[in-house]
Amino acid sequence: MNLIGPSVASSRTAVRNFEFRSTYAFITNGKHQPTVLWHQDIGDKGSRWSEHLESPSFPNLPSTPGPGFCRPCVARAIKRRHQGNNLSNLGPVRLKLKWIQRASPEDQAESSLKPTINMDRLVEFLYDDLPHLFDDQGIDRTAYDDCVKFRDPITKHDTLSGYLFNIAFLKTAFQPMFYLHSVKQTGPYDITTRWTMVMKFMPLPWKPELIFTGTSVMGINPATGKFCSHVDYWDSIQNNEYFSLEGLLDVFKQLRIYKTPYLETPKYQILKRTSNYEVRRYEPFIVVETDGDKLSGSKGFNDVAGYIFGKNSTQEKIPMTTPVFTQALDNKLSKVAIQIVLPLEKDMNNLPDPSQERISLRKVQGGMAAVLKFSGNPSEDVVLEKEMKLRKSLESDGLRPKIGCLLARYNDPGRTWSFMLRNEVLIWLEEFELC
């Protein structure tokens, strides 16, 4: 799209081309209020104003309603910048020309030939394609523009080759697992995905687990029907603009040492990770349990451990799992049970009966749980403090925690250094819906 107006030096028509991936602010003369037009990551040749420019609200700069200059309008200043919405970054370009906006006949003709974008088809494409982000098949690179823009809080690339390099680097250094939760259209040329990515940082000897959840806004170039931008937003930080020190700190704090035994655990999927907790969806599992004394206590452990070591009706020995749970069943956290999770291959029909009356088997239906992870010695005071912190965070975020909580202890404290212990406080949620 061009700006066309009379030149000061002559009566000939002057043409100003918009630059690709730039933002322009037009401040008008006359009776019209100042108007801002946002040119967002799309080409301008053969395109119409109404499809590529809008009038967002910027601080201290009013804008006219509608998609932009719908009628001829004289501009006295043009400003531009390359990204973001902060007008303080706009460098003014004072022009001696008085420009008016209109579409040339060539623009209108080319615009009418532009292909119609089937957004539903692109949504389905992402559902099929993104799960291959880090596997051997990989994503379909033909669906992306050569100048695709990628941004997350600590990484940026402006070419398809850079975008593909970033994917290859993550695959090599972190062995990521990518889980796609939803894909939906959120704008005329925007599609938003929600995802979870779980990675192990292989260069460190303890191979720490890094977890990121969030959304990606995928921009489509209307001129080509291909993806021209991919911007990630993490749930765990507030400042998602590149370069985010908060984002870098979020990475580093996940590099701490936690020792998780190579034993079977209940199956769960992390749906959301905030700065304070994770939300997990647990599958059903079975526990053998008996009465305990307190959340941090070990009373009853020998009884439930005895069941899996052969003290049952058939003297069957059952493989050990992790973690050991202690569950508070009341709001005062005083009525406690201690539990060992049984292997997932077991069900209530093929398990031997306990040999002791005080031992029982129970199927936990699973569901949504909020989890706060911590290391160190899980004393009673520490556990109660973590439970209170987690409950307050959930209530502050508008979630509805259930009564009681669980303490999950993954390690043998006699064989693991305190700073390497993996402990978790879990609170079941009434309900949870990903946004």
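Starting from 1, each residue takes its place in the sequence as its number. Predicted model only: the values in this text are computed from it and were never measured. Side chains included, hydrogens not; waters and symmetry mates left out as well; all remaining heavy atoms used.
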inquiry  = Classify the ring geometry of H230 against F150: parallel below 30°, tilted from 30° to 60°, perpendicular beyond 60°.
reply    = perpendicular

Whether the side chain of [X] engages the backbone of [Y] through a donor-acceptor N/O pair (distance < 3.5 Å, no angle test) should be reported.
{"X": "N411", "Y": "P413", "answer": "no"}
{"X": "R409", "Y": "S296", "answer": "yes"}
{"X": "D129", "Y": "D140", "answer": "yes"}
{"X": "D145", "Y": "C147", "answer": "no"}
{"X": "S393", "Y": "K389", "answer": "yes"}

Enclosure of R362 CZ (heavy-atom neighbours >12, cutoff 6.0 Å) = yes

inquiry  = A quick test of your reading: do over 12 heavy atoms of other residues, nucleotides or ligands sit less than 6.0 Å from CZ of F165?
reply    = no

To the closest 0.5 Å, what do you measure between [atom1] ([X]) and [atom2] ([Y])?
{"X": "L333", "Y": "M388", "atom1": "CG", "atom2": "CE", "result": "9.0 Å"}
{"X": "Y277", "Y": "L390", "atom1": "OH", "atom2": "CG", "result": "8.0 Å"}
{"X": "E209", "Y": "L255", "atom1": "CD", "atom2": "CG", "result": "12.0 Å"}
{"X": "Y282", "Y": "Q365", "atom1": "OH", "atom2": "CD", "result": "15.5 Å"}

request  = Report yes or no: is the cationic atom of K156 (NZ for Lys, CZ for Arg) closer than 6.0 Å to the six-membered ring centre of F243, at no more than 45° off its axis?
outcome  = no

Search all heavy atoms of [X] against all heavy atoms of [Y] and return the closest pair with its distance.
{"X": "I427", "Y": "P401", "answer": "CG2-CB, 3.6 Å"}
{"X": "I211", "Y": "Q254", "answer": "N-OE1, 2.7 Å"}
{"X": "I318", "Y": "P343", "answer": "CG2-CD, 3.5 Å"}
{"X": "D250", "Y": "S236", "answer": "OD2-OG, 2.9 Å"}
{"X": "Y258", "Y": "L421", "answer": "CD2-O, 3.6 Å"}
{"X": "L180", "Y": "Y127", "answer": "CD2-CA, 3.9 Å"}

request  = Using the test side chain to side chain donor-acceptor pair (under 3.5 Å), find all partners of N349 that sit at least two apart in sequence or belong to another chain.
outcome  = none

message = For S161, give me all partners under side chain to side chain donor-acceptor pair (under 3.5 Å), at least two apart in sequence or on another chain.
response = T159

request  = State which residues pass salt bridge (charged side-chain N to carboxylate O under 4.0 Å, His left out) with D136; sequence neighbours excluded, sorted by chain then number.
outcome  = K171

key: With R280 via salt bridge (charged side-chain N to carboxylate O under 4.0 Å, His left out) - residues at least two apart   = E278, E424

Are [X] and [Y] close enough that a side-chain donor and a side-chain acceptor fall under 3.5 Å?
{"X": "S379", "Y": "N377", "value": "no"}
{"X": "R256", "Y": "S375", "value": "yes"}
{"X": "W195", "Y": "T213", "value": "no"}
{"X": "R194", "Y": "S182", "value": "no"}

remark   = Per side chain to side chain donor-acceptor pair (under 3.5 Å), H181 is matched among T215, T196, T193 by T196

Residue pairs involving residues 212-232 (criterion salt bridge (Lys or Arg N to Asp or Glu O under 4.0 Å); sequence neighbours excluded) = none

Side chain to side chain, [X] and [Y], heavy atoms closer than 4.5 Å:
{"X": "I220", "Y": "I191", "answer": "yes"}
{"X": "K267", "Y": "L344", "answer": "yes"}
{"X": "D190", "Y": "M218", "answer": "no"}
{"X": "F125", "Y": "N118", "answer": "no"}

request  = Evaluate the side-chain hydrogen bond (donor to acceptor under 3.5 Å, both in side chains) criterion for residues E246 and Q238: first the C-alpha distance (whole Å), next the side-chain angles of each, then the deciding distance (0.1 Å), finally the verdict.
outcome  = CA-CA 8 Å; E246 183 186 6; Q238 296 295 320; 5.8 Å; no

task = Walk me through it: do Y163 and H157 pass the test ring-ring contact (aromatic ring centres under 6.0 Å, His included)?
result = CA-CA 6 Å; Y163 184 62; H157 294 283; 8.3 Å; no

query = Under the side chain to side chain contact (heavy atoms under 4.5 Å, CB included) criterion, do I139 and Y144 qualify, and how do the steps go?
reply = CA-CA 10 Å; I139 59 171; Y144 295 82; 3.8 Å; yes

task = Determine, step by step, whether R400 and E431 satisfy the side chain to side chain contact (heavy atoms under 4.5 Å, CB included) criterion, reporting the C-alpha distance in whole Å, the side-chain angles of both residues, the deciding distance to 0.1 Å, and the verdict.
result = CA-CA 7 Å; R400 297 167 54 199; E431 57 187 10; 3.5 Å; yes

Could you tell me whether [X] and [Y] have a side-chain N and a carboxylate O separated by less than 4.0 Å?
{"X": "K346", "Y": "E316", "answer": "yes"}
{"X": "K184", "Y": "D120", "answer": "no"}
{"X": "E387", "Y": "R391", "answer": "yes"}

ask   = Going through the checks in order, is the side chain to side chain contact (heavy atoms under 4.5 Å, CB included) test met by V279 and L429?
value = CA-CA 9 Å; V279 176; L429 300 174; 4.2 Å; yes

request  = For K402, enumerate each residue passing the side chain to side chain contact (heavy atoms under 4.5 Å, CB included) test, keeping only those at least two apart in sequence or located in another chain.
outcome  = W428, E430

inquiry  = Would D397 and T274 count as a side-chain hydrogen bond (donor to acceptor under 3.5 Å, both in side chains) here? Give the steps.
reply    = CA-CA 10 Å; D397 290 343; T274 73; 5.1 Å; no

inquiry  = The test is side chain to side chain contact (heavy atoms under 4.5 Å, CB included); show your working for L407 and F325 and say whether it passes.
reply    = CA-CA 6 Å; L407 170 65; F325 285 122; over 6 Å; no

